[in-house]
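Each remark here refers to the structure printed beneath this line.
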Amino acid sequence: MIKIYAPASIGNVSVGFDVLGAAVSPIDGALLGDCVSIQSADRFSLSNKGRFVSKLPAEPKDNIVYQCWELFCQRLGRELPVAMVLEKNMPIGSGLGSSACSVVAGLMALNEFCDRPFNQTELLGMMGELEGRISGSVHYDNVAPCYLGGMQLMLEENGIISQSVPGFDNWYWVMAYPGIKVSTAEARAILPAQYLRQDCIRHGRYLAGFIHACHTQQPELAVKLMQDVIAEPYRTRLLPGFAEARKASQDIGALACGISGSGPTLFAVSDRLETAQRLADWLAKHYVQNDEGFVHVCRLDTAGARKLD
Ligand SMILES: Nc1ncnc2c1ncn2[C@@H]1O[C@H](COP(=O)(O)OP(=O)(O)OP(=O)(O)O)[C@@H](O)[C@H]1O
Ligand SMILES: N[C@@H](CCO)C(=O)O
């Protein structure tokens, strides 16, 4: 049997709408992500378990892991008789790249099971296609970091989908999921169709500057540039308590704070464990709304999706 774990990810990282993403893992060793196991069988089956199993679509064929199997078989040119099990540990509509976790774990499990008939780029292309079915348009900023690890910049040119960007090794990423759902498709639909020229210029400066700051390892510059003029100003109204939590995070000493993906998860960055812990405590008390919510102090997950023993 092969079992694949695929980690949570932060789409956009504030500054790179649809083109920048980061994989994260809790520092306490908890597995914040989905797992898919696969073994040979007489015929195809998919079963589901895990904390958020009840939130999966009622129709089995609507489960994105079923669609992973279907697409993989289509591309392979034959039907694979395998038994797959999805461990749905990630809340759906959380901003933590929940569907990406399932897609990445599902496709990687299939590819490993078949001794890797598809290379990394081909597999990532399939991951983007499936993610696009869910949110309405192809964007790789969750699947790429989830699959490849670290911080990933989408290039989509010259046969390259994504390349990694160096992060800051001493940064903690505090992830606070309030326990409510925000649909990615809806959070995309409320964005303007057109932007002012001044916002386009600021967006270009922030993203280019942030990538430059990462490559030249200038953390103070990087945090100043982690600003979102594309989505956050419009999405804040979908996120109860976000503005207050952002302000409190800044007061506590966060270097940066933003919406993870399309929300409602909030991320806050600190280079000190003690501050990260204080941020986590405040967010657990004030941003989390119910028993399904949680807060984790994380680091960048540089390994990405991987086999578990
Ligand atoms: N295995 C799966 N995991 C997650 N969502 C799934 C899965 N299979 C099907 N879906 C459907 O995909 C949609 C996912 O919604 P959405 O993109 O808003 O969530 P998400 O992937 O958690 O978002 P985000 O990327 O912000 O974390 C839901 O309609 C859900 O029912
Ligand atoms: N870039 C996507 C990420 C969704 O998780 C968005 O913000 O809509």
Side-chain angles (χ1 to χ4, degrees), residues 4 6-24 32-36 46-71 84-107 109 127-128 130-146 152-154 162 175 177-192 203 207 228-236 238-239 258-267 292:
I4 304 292
S9 55
I10 305 172
N12 307 328
V13 199
S14 292
V15 68
F17 184 76
D18 275 2
V19 299
L20 189 68
V24 290
L32 185 62
D34 287 349
C35 293
V36 170
L46 170 61
S47 51
N48 306 300
K49 57 182 188 178
R51 178 168 175 202
F52 292 97
V53 68
S54 64
K55 312 281 178 186
L56 286 167
E59 166 56 48
K61 290 187 177 176
D62 289 343
N63 189 329
I64 200 73
V65 176
Y66 174 87
Q67 295 177 30
C68 286
W69 172 79
E70 210 175 37
L71 180 67
M84 298 179 78
V85 179
L86 165 65
E87 249 174 71
K88 190 69 215 166
N89 303 322
M90 296 294 288
I92 295 177
S94 57
L96 288 161
S98 171
S99 48
C101 287
S102 285
V103 166
V104 169
L107 281 173
M127 290 167 181
L130 288 169
E131 180 77 328
R133 284 189 198 172
I134 281 179
S135 63
S137 59
V138 175
H139 58 91
Y140 292 94
D141 54 328
N142 286 119
V143 286
C146 176
Q152 294 284 329
L153 177 68
M154 305 320 125
S162 159
M175 308 299 299
Y177 166 58
I180 59 165
K181 183 178 172 187
V182 169
S183 140
T184 303
E186 279 168 38
R188 294 177 80 78
I190 62 157
L191 298 180
H203 175 62
L207 179 57
D228 178 0
V229 290
I230 301 294
E232 192 178 303
Y234 308 97
R235 286 179 170 170
T236 304
L238 300 178
L239 312 176
I259 304 171
S260 179
S262 54
T265 295
L266 169 156
F267 74 89
E292 293 200 344

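Whatever order the structure lists them in is the order used to number ligands and atoms, beginning at 1. None of these values were measured; they are calculated from a predicted model.
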Protein contact to [atom] [nearest heavy atom, distance to 0.1 Å]:
atom	result
atom 5 (N) of ligand 1	Ile92 CD1, 3.7 Å
atom 20 (P) of ligand 1	Gly93 N, 3.5 Å
atom 27 (O) of ligand 1	Gly97 N, 2.7 Å
atom 3 (N) of ligand 1	Lys88 NZ, 2.9 Å
atom 31 (O) of ligand 1	Pro57 CG, 3.6 Å
atom 29 (O) of ligand 1	Lys181 NZ, 4.7 Å
atom 12 (O) of ligand 1	Ile134 CD1, 3.3 Å
atom 21 (O) of ligand 1	Ser99 OG, 2.4 Å

So, does Gly261 sit close enough to ligand 1 that a heavy atom of it is under 4.0 Å from the ligand?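 Under 4.0 Å: no for Gly261.
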Can you tell me if Gln67 has a non-hydrogen atom under 4.0 Å from ligand 1?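 Contact check Gln67 vs ligand 1: negative.
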Atom 16 (P) of ligand 1: protein heavy atom closer than 4.0 Å?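 So far as the 4.0 Å threshold goes, atom 16 (P) of ligand 1 is in reach of a protein heavy atom.
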Taking the side chain as every heavy atom from C-beta outward, state whether [X] and [Y] have any pair of such atoms under 4.5 Å apart.
X	Y	answer
Thr265	Ile10	no
Asn63	Leu86	yes
Leu266	Leu239	no
Val104	Val36	no

Where do [X] and [Y] come nearest, in terms of heavy atoms and distance?
X	Y	answer
Met154	Asp141	CE-CA, 3.8 Å
Pro192	Tyr234	CG-CZ, 3.5 Å
Leu32	Met90	C-SD, 3.7 Å
Ser94	Tyr177	CB-CE1, 3.6 Å

Enumerate the atoms of ligand 1 whose separation from the nearest heavy atom of [X] is less than 4.0 angstrom.
X	answer
Asn142	25 (O)
Gly95	24 (P), 26 (O), 27 (O)
Leu86	1 (N)
Ser262	26 (O)
Ser183	18 (O)
Ser94	22 (O), 27 (O)
Ile64	1 (N), 2 (C), 7 (C), 8 (N), 9 (C)

Is any N or O atom of [X], backbone or side chain, closer than 3.5 Å to an N or O atom of ligand 1?
X	value
Leu96	yes
Lys55	no
Glu131	no

Please tell me whether Glu232 and Ser14 have a donor and an acceptor in their side chains that are separated by less than 3.5 angstrom.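 Short answer, no.
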Whether the Lys88 and Ser98 side chains hold a donor-acceptor pair (N or O, under 3.5 Å, no angle test) is what I'd like checked.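 Lys88 vs Ser98: donor-acceptor pair found between side chains.
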Could you tell me whether the side chain of [X] and the main chain of [Y] form a donor-acceptor pair under 3.5 Å?
X	Y	value
Glu131	Tyr140	no
Ser9	Gly11	no
Ser102	Ser99	no
Asp228	Val15	no

If hydrogens are left out, which of Val143, Asp62, Val65, Leu46 has an atom nearest to atom 9 (C) of ligand 1, that is, the closest non-hydrogen atom?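 The nearest heavy atom belongs to Asp62.
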Check each of Val53, Thr184, Leu56 against atom 18 (O) of ligand 1 and report the one with the nearest heavy atom.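 Looking at heavy atoms only, Thr184 sits closest to atom 18 (O) of ligand 1.
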Intermediate values then yes/no, side-chain contact (heavy atoms from CB on, under 4.5 Å), Asn89 and Lys49: CA-CA 8 Å; Asn89 303 322; Lys49 57 182 188 178; over 6 Å; no
Would you mind checking if Lys55 and Glu292 are paired as a salt bridge, meaning a charged N to carboxylate O distance below 4.0 Å?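 Yes, charged N to carboxylate O under 4.0 Å.
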CA sep, side-chain torsions, deciding dist, call: Leu238, Ile190, side-chain contact (heavy atoms from CB on, under 4.5 Å): CA-CA 10 Å; Leu238 300 178; Ile190 62 157; 3.7 Å; yes
Identify, chain by chain and in numerical order, each protein residue with a heavy atom under 4.0 Å from an atom of ligand 2.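 For ligand 2, the contacting residues are Asn12, Phe17, Asp18, His139, Asp141, Asn142, Thr184, Arg188, Arg235, Gly261, Ser262.
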Quick one, Arg188 with Ser137, criterion side-chain contact (heavy atoms from CB on, under 4.5 Å). Give me CA distance, side-chain angles, the key distance, then yes/no. CA-CA 9 Å; Arg188 294 177 80 78; Ser137 59; 3.1 Å; yes
Counting heavy atoms only, which part of Ser98 comes closer than 4.0 Å to ligand 1: side chain, backbone, both or neither?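 Both backbone and side chain of Ser98 come within 4.0 Å of ligand 1.
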